[in-house]
Number of protein chains: 2
Amino acid sequence: MTPPRSTLRADAQRNREQLIVTAAEAFASGRPISLDAIAKRAGVGNATLYRHFPTREDLVEEVYRDQIRPLREDARTLLATEPPAQALHAWMLRFADWAGERRGICEALVAMSASGRFGTGPVCDEVQQVLAMVLEAGATAGELRSDIDPTDVGGILAGLLSVAGAPEQRPQLNRMMDVVVDGLRPR
Amino acid sequence: MTPPRSTLRADAQRNREQLIVTAAEAFASGRPISLDAIAKRAGVGNATLYRHFPTREDLVEEVYRDQIRPLREDARTLLATEPPAQALHAWMLRFADWAGERRGICEALVAMSASGRFGTGPVCDEVQQVLAMVLEAGATAGELRSDIDPTDVGGILAGLLSVAGAPEQRPQLNRMMDVVVDGLRPR
DNA sequence: TTCACAAGCGGGGGCCTCCCCGTTTGTCTC
DNA sequence: GAGACAAACGGGGAGGCCCCCGCTTGTGAA
């Protein structure tokens, strides 16, 4: 009898990769694009797309999997040059810039948080890890509370972006982050 | 010649009210409902609905216009019995309960914030006023920063709800609000 | 009352998401 | 190689949002 399969069938693997490549190009163009259009452009049926990526977020997370990496380096640099709380604030702003340039990221993060899946998926996992690193540094320096779950901070960040993620709302976002970072300091 | 009109034509007024009544019933049933279905149920074409309420938020805000009132009284009571910062936290949780029971409110608040319209519309205007009242009390008591825009706090609140508004996320929401309220205290 | 016209109406249709289900195909075994 | 079977495919369609545009009707003026 056929054993249960752990890896994707070769054609499925090909389709999956083609979908990611196509979606990356489509997103990068800046123009809005429907999922069916991505599927068609990738030369597969829409059902294939939805089978590989049940939700739009799943696709978005895969597309930006590699692009998120440099933000970790940014965090390290910031931590090396600024006090942790300030570094946290600066990094969150940098992330806002990064997300602002990438269609769908912000909505994806909110959806992940709202469904309790923040931290699963390449992008929000990376965000969570970076936040954990910065929080840890802050706790060690006695500048940030040590009892905070990075998931909570990630959720707050996603929430703020969903409400004031547009470039023209940057001043408001900055003020809100100010409040949040202050709230993360020890009492 | 015909003078420019300031009030709605009689039939338009009737349709508008019928739409609100119908939407209120539909929302109250708890089941999801499409806007087209609301229009049909109200006995008008969908275009009529969209003419009166260009976005879903506009309709939602109208539907809950009256139901938001008691929350102001709640805020007064809380302020009379607890220190302002604590009252703020408690009120935000109460609002989360209120919003959780009302389909569409949370999404509407986020949309209003994201489009810079927070404070316009009956519900978010009331929220903003209540927050202003509590912040004012807190500032007077020296317990909360006096330089905070209620719109910012409303935005943060909307963001948190969009990310952790579900009843089972209440503990997380509570922790997040803790951080935010702490961040609103004077340094 | 009648008339002219702007205000308002409505449904058809485009585009979207996403599911359903009959068909095809890769892979493993012999 | 051939066959069996699960994995994967794809297109059609249901239902949602929202716009377009030709038709109807309430209203103020004569």
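Please read these numbers as outputs of a predicted model, since none were measured by experiment. Just so we're on the same page: letters track the sequence lines, and every chain starts at 1.
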- Query: Using a heavy-atom distance cut-off of less than 4.0 Å, which residues of residues 20-29 of chain A contact DNA chain C?
  - Reply: none
- salt_bridge(A/Arg117, A/Asp58) N-O dist < 4.0 Å: yes
- Counting primed atoms, P, OP1 and OP2 as sugar-phosphate and everything else as base, the B/S/- map of nucleotides 16-22 of chain D against protein heavy atoms under 4.0 Å is SBBBB--
- Task: In sequence, state the C-alpha distance, the side-chain angles, and the governing distance for B/Ser34 and B/Asp36, and then conclude on side-chain hydrogen bond (donor to acceptor under 3.5 Å, both in side chains).
- Result: CA-CA 5 Å; B/Ser34 77; B/Asp36 278 21; 5.7 Å; no
- Item | Lys/Arg N to Asp/Glu carboxylate O, A/Glu25 vs A/Arg41, below 4.0 Å | no
- Item | Rounded distance in Å - CG (A/Asp58) to C1' (C/dT17) | 14 Å
- Message: Please tell me if B/His52 has a side-chain N or O lying less than 4.0 Å from either OP1 or OP2 of C/dG8.
- Response: no
- Task: Measure the distance from CZ on A/Arg41 to P on C/dC16 and round it to the nearest whole Å.
- Result: 11 Å
- Query: Do A/Thr151 and A/Gln128 have side-chain N/O donor and acceptor atoms under 3.5 Å apart?
  - Reply: yes
- Message: How about CD on B/Gln129, more than 12 heavy atoms from neighbouring residues, nucleotides or ligands closer than 6.0 Å, or not?
- Response: yes
- Message: So, OP1 or OP2 of D/dA8: does either fall under 4.0 Å of a side-chain N or O from A/Asn15?
- Response: no
- Considering all heavy atoms of both residues, which atom of A/Pro150 and which atom of A/Leu131 are nearest to each other, and what is their separation? O-CD1, 4.0 Å
- How close or far is atom C1' of C/dC16 from atom CZ of A/Arg31, stated in whole angstroms? 18 Å
- Do A/Asp182 and B/Arg185 sit within salt-bridge range, that is, some charged N less than 4.0 Å from a carboxylate O? no
- Does a distance-only test, which skips hydrogens and angles, find a donor-acceptor pair under 3.5 Å between the side chain of A/Arg9 and the base of D/dA8? no
- Task: Find the distance between CD1 (A/Ile156) and CE (A/Met176) and round it off to the nearest 0.5 Å.
- Result: 12.0 Å
- Item | Separation of atom CD in A/Gln13 from atom C1' in C/dT25, rounded to whole Å | 16 Å
- Note on the structure: Rounded to whole Å, the NZ-P distance (B/Lys40 to C/dG11) equals 9 Å
- Task: Look up atom OH in B/Tyr64 and atom CZ in B/Arg69, then write down how far apart they are to the nearest 0.5 Å.
- Result: 16.0 Å
- In whole angstrom, what separates A/Asp11's CG from D/dG10's P? 9 Å
